[in-house]
Amino acid sequence: MDDYSTYYAIQKTYKEKVIRQNQLPATVQYIAGADVAYDDRTQRMIGAIVVLDADSLDVVDESAHEMEITFPYVPGLFSFREIPSLIQAFEQLKIRPDLLICDGHGIAHPRGVGMATHLGIELDIPTIGCAKKRLTGAYDKATLGNERGDWLPLELDGATIGAALRTRKDVKPMFVSIGHKVDLDTAMDWVLKACTEYRLPETTRAADGLVNRLITNY
DNA sequence: GCGACAG
DNA sequence: ATCTTGTCGC
């Protein structure tokens, strides 16, 4: 468990497959959130996808999958740890979402292939990276406004890889980036639309709530 | 060599 | 991620 070269190679091929243009359906009816919870005692994890109606944000479908933890947590290879359970959960859904908002980064990643991008390419659906913490890239913290909707580009090597977006007044910003098949502006629009009362989007909160309920009872 | 480092 | 009490504010 110390030679990750094969995984870096996979990321290198995936980086070329990312679609940065908007490829959402004309009408986005369903959006989804994904999250995973762990039980280190049993070395098991539960991944879940929760689908919400894009307008009302009511939960319309959800699915979870429990399995063994097979990959350690390594910043930069995070997706390889969570994706197996999320793929399984996704396949069991009755309602396929038009857009998936992930709890982690998209292309705002050292090699351009974070969780949201990796999942988007494997599932071939539009995805957005929406992380609570910065992984790479920089922005002028002191210049970022404090109002909901205020944002600054997250830059790396002179390129914009994402955005530090304030989803509520006076809270720490969220880090939004393209996952797959969406552009950054559209991604920020959807994240803001999904953030009604909390810093985190309702999609992420719904998935987080589900996996934590399940992990507690097993 | 010294930090930084999604969940 | 997960482990955990109180506390400040709307």
Side-chain angles (χ1 to χ4, degrees), chain A residues 1-2 4 7-8 10-11 14-15 18 33-50 64-87 89 100-121 127-139 141 146-148 154-157 161-165 167-180 184 187 191 196-201 203-218:
Chain A
M1 295 184 189
D2 51 308
Y4 301 117
Y7 302 100
Y8 292 134
I10 292 174
Q11 291 183 327
Y14 277 13
K15 181 175 184 175
V18 183
D35 196 23
V36 177
Y38 302 89
D39 185 336
D40 288 320
R41 181 178 56 80
T42 58
Q43 281 298 293
R44 311 287 291 178
M45 63 180 177
I46 299 179
I49 309 275
V50 177
H65 186 261
E66 182 255 331
M67 63 184 286
E68 183 181 15
I69 299 174
T70 58
F71 204 95
Y73 170 63
V74 181
L77 293 178
F78 172 57
S79 61
F80 291 97
R81 180 173 167 86
E82 303 212 325
I83 271 185
S85 62
L86 295 177
I87 296 282
L100 179 58
I101 300 177
C102 299
D103 188 19
H105 297 282
I107 64 171
H109 173 281
R111 290 169 295 283
V113 189
M115 164 89 221
T117 299
H118 188 161
L119 197 50
I121 289 174
T127 58
I128 292 171
C130 185
K132 296 181 287 294
K133 298 176 183 173
R134 184 198 67 87
L135 173 59
T136 189
Y139 70 103
K141 216 170 189 172
N146 295 313
E147 297 298 320
R148 166 181 159 89
L154 188 62
E155 299 179 354
L156 182 64
D157 298 327
I161 59 173
L165 172 67
T167 56
R168 288 209 65 183
K169 179 180 168 68
D170 297 329
V171 299
K172 292 183 295 182
M174 292 297 289
F175 298 89
V176 180
S177 59
I178 290 170
H180 189 47
L184 186 56
V191 167
T196 51
E197 310 180 59
Y198 300 89
R199 179 168 84 111
L200 303 184
T203 41
T204 299
R205 286 172 37 75
D208 183 82
L210 176 57
V211 294
N212 282 302
R213 247 166 7 219
L214 294 173
I215 204 83
T216 297
N217 297 318
Y218 288 82

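Heavy atoms only: backbone and side chains are in, while hydrogens, waters and symmetry mates are out. Quantities reported herein were computed from a predicted structural model and do not represent experimental measurements.
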Undergrad: Between Thr127(A) and Thr117(A), is any pair of side-chain heavy atoms under 4.5 Å apart?
TA: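 Not in contact.
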Undergrad: Classify every nucleotide of nucleotides 3-10 of chain C by which part a protein heavy atom approaches to under 4.0 Å, writing B for the base, S for the sugar-phosphate alone and - for neither, in 5'-to-3' order.
TA: --------
Undergrad: Is the backbone of Arg199(A) close enough, under 3.5 Å, to the side chain of Thr167(A) for a donor and an acceptor to pair up by distance?
TA: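 Yes; judged by distance alone, with no hydrogens or angles, the pair exists.
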Undergrad: What residues in residues 173-180 of chain A put a non-hydrogen atom under 4.0 Å from any atom of DNA chain B?
TA: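 DNA chain B contact set from residues 173-180 of chain A: none.
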Undergrad: Which residues in residues 204-216 of chain A have at least one heavy atom lying under 4.0 Å from any atom of DNA chain B?
TA: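 Here the set is empty: none.
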Undergrad: Working to the nearest 0.5 Å, report the span between OG1 of Thr216(A) and CG of Asp39(A).
TA: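 Going from the OG1 atom of Thr216(A) to the CG atom of Asp39(A) covers 9.5 Å.
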Undergrad: Could you tell me how the ring of Tyr4(A) sits relative to the ring of Phe71(A): parallel (under 30°), tilted (30 to 60°) or perpendicular (over 60°)?
TA: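 Because their plane-to-plane angle lies in the 30° to 60° range, the rings of Tyr4(A) and Phe71(A) count as tilted.
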Undergrad: Just how far is it from atom NZ of Lys141(A) to atom CZ of Arg134(A), taken to the nearest 0.5 Å?
TA: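 Going from NZ on Lys141(A) over to CZ on Arg134(A), the span is 8.5 Å.
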Undergrad: Who passes side-chain contact (heavy atoms from CB on, under 4.5 Å) against Ile87(A), sequence neighbours left out?
TA: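 Testing Ile87(A) for side-chain contact (heavy atoms from CB on, under 4.5 Å), a comparison that skips the adjacent residues, returns Ile83(A), Glu91(A), Leu119(A), Glu122(A), Leu123(A).
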Undergrad: Tell me, please, which residues at least two apart from Arg148(A) pass side-chain hydrogen bond (donor to acceptor under 3.5 Å, both in side chains).
TA: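 Here no residue qualifies.
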Undergrad: Using a cut-off of 4.0 Å on non-hydrogen atoms, how would the nucleic acid contact of Ile46(A) be classed: base, sugar-phosphate, or nothing?
TA: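 It contacts nothing in the nucleic acid.
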Undergrad: Please map the stems of DNA chain B, keeping only stretches of three or more Watson-Crick or G-U wobble pairs with both distances under 3.5 angstrom.
TA: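 As far as DNA chain B goes, consecutive pairing (with distances under 3.5 Å) yields no stem.
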Undergrad: Between Glu82(A) and Tyr73(A), does any side-chain donor sit less than 3.5 Å from a side-chain acceptor?
TA: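 No.
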Undergrad: Using side-chain hydrogen bond (donor to acceptor under 3.5 Å, both in side chains) as the criterion, list what pairs up with Lys132(A), not counting sequence neighbours.
TA: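 For Lys132(A), the residues satisfying side-chain hydrogen bond (donor to acceptor under 3.5 Å, both in side chains) (neighbours in sequence not counted) are Asp103(A).
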Undergrad: Using the test side-chain contact (heavy atoms from CB on, under 4.5 Å), find all partners of Gln11(A) that sit at least two apart in sequence or belong to another chain.
TA: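 Residues passing side-chain contact (heavy atoms from CB on, under 4.5 Å) with Gln11(A): Tyr8(A), Leu77(A), Phe80(A), His109(A), Arg111(A), Val113(A).
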Undergrad: How does DNA chain C look in dot-bracket notation if pairs are Watson-Crick or G-U with both distances under 3.5 Å, crossing ones as [ ], other-strand ones as |?
TA: ..........
Undergrad: To the nearest 0.5 Å, what is the distance between CD on Glu66(A) and CE on Met45(A)?
TA: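 Reported to 0.5 Å precision, the distance equals 9.5 Å.
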Undergrad: Where does the chain A footprint on DNA chain B start and end, counting 5' to 3' with a 4.0 Å heavy-atom cut-off?
TA: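 It runs dA4(B) to dG7(B).
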Undergrad: Looking at every strand, decide which applies to Gly76(A) at a 4.0 Å heavy-atom threshold: base, sugar-phosphate, or nothing.
TA: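 Base contact.
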Undergrad: Kindly indicate, with the supporting measurements, whether the criterion ring-ring contact (aromatic ring centres under 6.0 Å, His included) is fulfilled by Phe175(A) and Tyr139(A).
TA: CA-CA 11 Å; Phe175(A) 298 89; Tyr139(A) 70 103; 5.8 Å; yes
Undergrad: So, using side-chain hydrogen bond (donor to acceptor under 3.5 Å, both in side chains) as the criterion, who are the partners of His105(A) when residues are at least two apart?
TA: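 Per chain and number, His105(A) pairs via side-chain hydrogen bond (donor to acceptor under 3.5 Å, both in side chains) with no residue.
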Undergrad: Could you list by number each residue of residues 36-45 of chain A showing a heavy-atom separation from DNA chain B of less than 4.0 Å, or answer none if no residue does?
TA: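 Contacting residues: none.
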